[in-house]
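Below is one structure, written out as structure tokens, with a few remarks after it.
As a basis for the values below, the full set of heavy atoms in this structure was taken, side chains included, without hydrogen atoms, waters or symmetry mates.
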Amino acid sequence: MTQRPTIERLLPFECDPPTASDAAGAGAVDVLVEPKADELLAAIVPQCVGFRVYVALLHSAAGEHGARMTAMDAATTNADSLIDRTTLLRNRARQAAITKELAEIISGAEALRG
């Protein structure tokens with residue numbers, strides 16, 4: 001999982017104002033905005049900025065969780081590999097001890113015969 005930082009502009013907002021062709025195609029309509037545009041912007045802009053900051057925090061939390069999942073997956077893979085190598089070494093040591101013991105038994109039996 002990779003994380004790439006990005007830069008997003010909060011203010012001023014980017015919006016495409018309606019053009020004359022848009023108004024002509026849809027029929028010219030006067031829009032009545034209540035309350036006044038200044039009051040509306042004073043109420044909406046802080047909410048929009050707060051929402052954008054909240055979304056950035058959510059993305060940050062999701063990135064942290066992704067990094068933790070990746071780290072835990074790597075740790076699990078490494079632990080499994082270590083367990084496999086240790087088991088193999090233990091089995092080889094046990095087999096070597098058994099082989100040595102059998103060789104000693106066979107040597108002792110040969111010595112008694114001869």
Within the 4.5 Å heavy-atom criterion, are Met69 and Asp73 side-chain neighbours or not? no

The side chain to side chain contact (heavy atoms under 4.5 Å, CB included) partner of Thr86 among Leu89, Leu82, Leu88, Asp84 is Leu82

Check whether any side-chain N or O of Thr87 sits under 3.5 Å from a backbone N or O of Ile83 as a donor-acceptor pair, and report yes or no. yes

How many angstroms lie between NZ in Lys100 and CG in Leu102, if you round to the nearest 0.5 Å? 12.5 Å

Pair Arg113 + Glu110, salt bridge at N-O below 4.0 Å: yes

Roughly how far, to the nearest 0.5 Å, is NZ of Lys36 from CG of Leu41? 13.5 Å

Under 3.5 Å, side chain of Arg52 to main-chain N/O of Arg9, donor-acceptor pair present? yes

Under 4.5 Å between side-chain heavy atoms, chaining through other members, with only Ile, Leu, Val, Met, Phe, Trp and Tyr counted: pull out the rest of the cluster around Tyr54, sorted by chain and number. Leu58

Value for OG1 (Thr99) from CZ (Arg94), rounded to nearest 0.5 Å, stands at 10.0 Å

After noting the C-alpha distance and the side-chain angles of Ile98 and Glu101, does the key distance pass the side-chain contact (heavy atoms from CB on, under 4.5 Å) rule? CA-CA 5 Å; Ile98 291 170; Glu101 207 171 301; 5.7 Å; no

Quick one: list whatever passes side chain to side chain contact (heavy atoms under 4.5 Å, CB included) with Thr6, sequence neighbours left out. Glu8

Would you say Ser81 and Arg85 are linked by a side-chain donor-acceptor pair, where the criterion is simply a distance under 3.5 Å? yes

